[in-house]
Protein chains: 2
Amino acid sequence: MWPYMSLGNHALRCREPERAPIHPLGEQDRMPRAITHQGKASYHPTPFPPPPASPPPSTGSLERATAILTYLSAAAGPVGLAELSRRTGLPKTTAHRLLGVLCATGLAQRIDSDYTIGQKLINLAGPGPRMVPGTRRMVLPHLIRLYEATRQTVNLAVPRGMEIAYVERVYGHGRVSTPSDEVDRAPLHCTAGGKVLLAFNHELHAAFRDRGDLPRMTRRTLIGHAALDRELHVVRRRGVAYAKEEFAEGIVCAAAPVFGPDGRVVMAISVAGASPRAVSAEVADLVRRTAHAISSALDRPFPVLAVQATGRTRAEGPPMSFL
Amino acid sequence: MWPYMSLGNHALRCREPERAPIHPLGEQDRMPRAITHQGKASYHPTPFPPPPASPPPSTGSLERATAILTYLSAAAGPVGLAELSRRTGLPKTTAHRLLGVLCATGLAQRIDSDYTIGQKLINLAGPGPRMVPGTRRMVLPHLIRLYEATRQTVNLAVPRGMEIAYVERVYGHGRVSTPSDEVDRAPLHCTAGGKVLLAFNHELHAAFRDRGDLPRMTRRTLIGHAALDRELHVVRRRGVAYAKEEFAEGIVCAAAPVFGPDGRVVMAISVAGASPRAVSAEVADLVRRTAHAISSALDRPFPVLAVQATGRTRAEGPPMSFL
DNA sequence: CCTCCGCATTCCGCTCTCCGGAACGGCTTC
DNA sequence: GAAGCCGTTCCGGAGAGCGGAATGCGGAGG
């Protein structure tokens, strides 16, 4: 099927057969946890015996980089160069060089002399909880509580280029399913969360204005910058934004801004429902109060920072200033 | 404030300044959505004007591959070779060749003549909702309901090599925080979810037995295969597994299996609490019933599969057979 | 205090992995 | 039928990638 499968065999002709073997890439996914330094996490790596001897390493730099990333991803914490070299079977200099490129591209990241996967890699995989500013642990209970109070879909959105990305979504059995639920990204100008981010992030708003006309999603979409600006002015005053069938027919949203410790808006929390009743003033107030509660929580120093610096706990999202 | 901020600057030290300039990869993250074929999603790409002319592409294959993946990640659906070539500035043959390697490593995936990101890339980013078998939309309401019924942390775990990975975790304000909450992976033998997977997945169990002694996590950990086998026998009969301070001090869990449409166990749902009271027989029954409800839901044909085949909707997890 | 070992880092000559133009066949549109 | 665009394959060439050697640092042990 694939022409490169035959070429792959060609590429596997070993340049230096006396080289130390590495694991086949598929096996990397299944390798036991690396024996690495642990932070405060209570779980230690499983000291199972190493896998049996493996075939010679691929000579392609993409495959090699993937092997490195696979190991980093499977490790319980940051990994040093020497261990990485031994485990992947790559010469130390080669591993060092590849890691240099991986770090430059953001796919890997240095922590002291060690390496771990980088935020770029997480971003490539698409929006998700790892992109929640602050920590999911801090944010999720608020989202759940808001869901319980409203029984509507609760969304958490962050700016993503000239759009928003939904990094958390909480809903229950009573949820009304609509096509817009399938998306993990949406325009700024016709979603409540997007309006919030535009209203309170002036750089984003300025950049967005330079982008020309606003695409119409429904007949209710605000497609003029002047109209949008008026709306954003109201949003700033009110502290809540609405989107009433501007993005998708049948969907009404209310959103409020969450501010980071530096006072800048970092995300928008919103409630989406299938009728105007679902986003009453009462609901909007709940949204605003939830946003405020999260903002307050983000404003406080929290002890997981120490864990973050010494070990990789996957529940944590990107630094606030990343966005 | 954030340790990442200072370390990030350190990691940005450039290795070869004389190299041909590449797209700043940060800018790739911010490129507008590609104008591509849409599936059933109601959101169409934002028809903003293309970004200004870019500098020539980097000549490093890692950087080039990253540029390709970045574009694929930002696209609303699968992308063809010609568009990818035009958009990244790479010669068509080069792009084709790189995509061949990317697909071989699983970082990208073909859909007909088009390409999209691959599951391997998602896996590299670490456990998360995209690894939920079936769809998150199908599973999450059940998790939320179980949380509401128990007010304890609800976990959803899938097998991951010789471990489990937590792909969903739902908790509220009343949650008691413990060190084990920080992990996204855990051993099979001393977690309730892991026992469930071992009990009902015979291949996994057989492979696990070949791995030698079981590492002790606490003084209550079962560290003999014979003792574990007896426990698993009880789990099969009972349909529920417990872990009582076997993984982490102070944590008690009850878990039940979720079966896919082919009758094989695909994940384990569990409730974790800080006392035996938190996982009473009543709670265990709730867990079992929730697992059964999810199994039933997964057993039904669901229309999102059609979307999966024609467009990339990020809410969907891997195919059931992937695990 | 000294020695040894293991670590990460840098340098640079060499080579082979990667590059990409050319060619080709298929499909769609006019 | 012709033109254009698509994805795919081939293969000679060169530059991106390779990795041994050298270096300096820190920690452990005698």
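Sequence lines set the chain letters: A, B, ... in the order given, protein chains first and strands last, and positions in each chain run from 1.
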Between [atom2] of [N] and [atom1] of [X], the distance in whole Å:
X	N	atom1	atom2	answer
A:Leu98	C:dT17	CG	P	14 Å
B:Asp112	D:dT8	CG	P	11 Å
B:Leu84	D:dC5	CG	C1'	16 Å
B:Leu99	C:dG20	CG	P	14 Å
A:Leu90	D:dC18	CG	P	8 Å
B:Glu63	D:dG15	CD	C1'	14 Å

Under 3.5 Å, which protein N or O atoms sit close to an N or O of nucleotides 5-8 of chain C? Give each pair with its distance.
from, atom 1, to, atom 2, distance (Å)
C:dC7, OP1, A:Arg86, NH1, 3.0
C:dA8, OP1, A:Leu81, N, 2.7
C:dA8, OP2, A:Ala82, N, 2.5
C:dA8, N7, A:Lys92, NZ, 3.3

Partners meeting side-chain contact (heavy atoms from CB on, under 4.5 Å) with [X] (sequence neighbours left out):
X	result
A:Ala65	A:Leu102, B:Leu62
B:Ala165	B:Pro127, B:Val158, B:Arg160, B:Arg185
A:Thr221	A:His189, A:Cys190, A:Arg216, A:Met217, A:Thr218, A:Ile223
A:Thr93	none

Nucleotides 26-30 of chain C: which of its N/O atoms have a protein N/O under 3.5 Å away?
none

Short side-chain N/O contact to [N] OP1/OP2 from [X], under 4.0 Å:
X	N	result
B:Thr59	D:dA16	yes
A:Thr94	D:dC18	no
B:Arg97	C:dG20	no
B:Arg64	D:dA16	no

query: If you look at every heavy atom in B:Ala108 and B:Leu72, which pair is closest and at what distance?
result: CB-CD1, 4.2 Å
message: How close do A:Leu124 and B:Ser73 get, counting heavy atoms only, and between which atoms?
response: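 Here A:Leu124 and B:Ser73 meet closest at O-OG, 2.7 Å.
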task: Output, in order, the C-alpha distance, side-chain angles, deciding distance and verdict of side-chain contact (heavy atoms from CB on, under 4.5 Å) for A:Leu98 and A:Leu84.
output: CA-CA 11 Å; A:Leu98 286 173; A:Leu84 206 47; over 6 Å; no
message: For B:Ser85, give me all partners under side-chain hydrogen bond (donor to acceptor under 3.5 Å, both in side chains), at least two apart in sequence or on another chain.
response: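 Partners of B:Ser85 under the side-chain hydrogen bond (donor to acceptor under 3.5 Å, both in side chains) test: none.
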Those residues that, when tested against A:Thr94, pass side-chain hydrogen bond (donor to acceptor under 3.5 Å, both in side chains) (two or more places apart): none
query: What distance do B:Thr59 atom OG1 and B:Leu90 atom CG have between them, rounded to the nearest 0.5 Å?
result: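 Spacing of OG1 (B:Thr59) from CG (B:Leu90) equals 11.0 Å.
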- prompt: If we only count heavy atoms from C-beta on, is the B:Leu69 to A:Thr105 side-chain gap below 4.5 Å?
  reply: no
task: Starting from the first five and the last five pairs of the helix from C:dC1-D:dG30 to C:dC30-D:dG1, work out the angle between the resulting helix axes, to 10 degrees.
output: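 Terminal axis comparison yields 40°.
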- prompt: Counting any heavy atom closer than 4.0 Å, what does A:Ser61 reach on the DNA or RNA strands: base, sugar-phosphate only, or nothing?
  reply: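 The residue A:Ser61 makes sugar-phosphate contact but no base contact.
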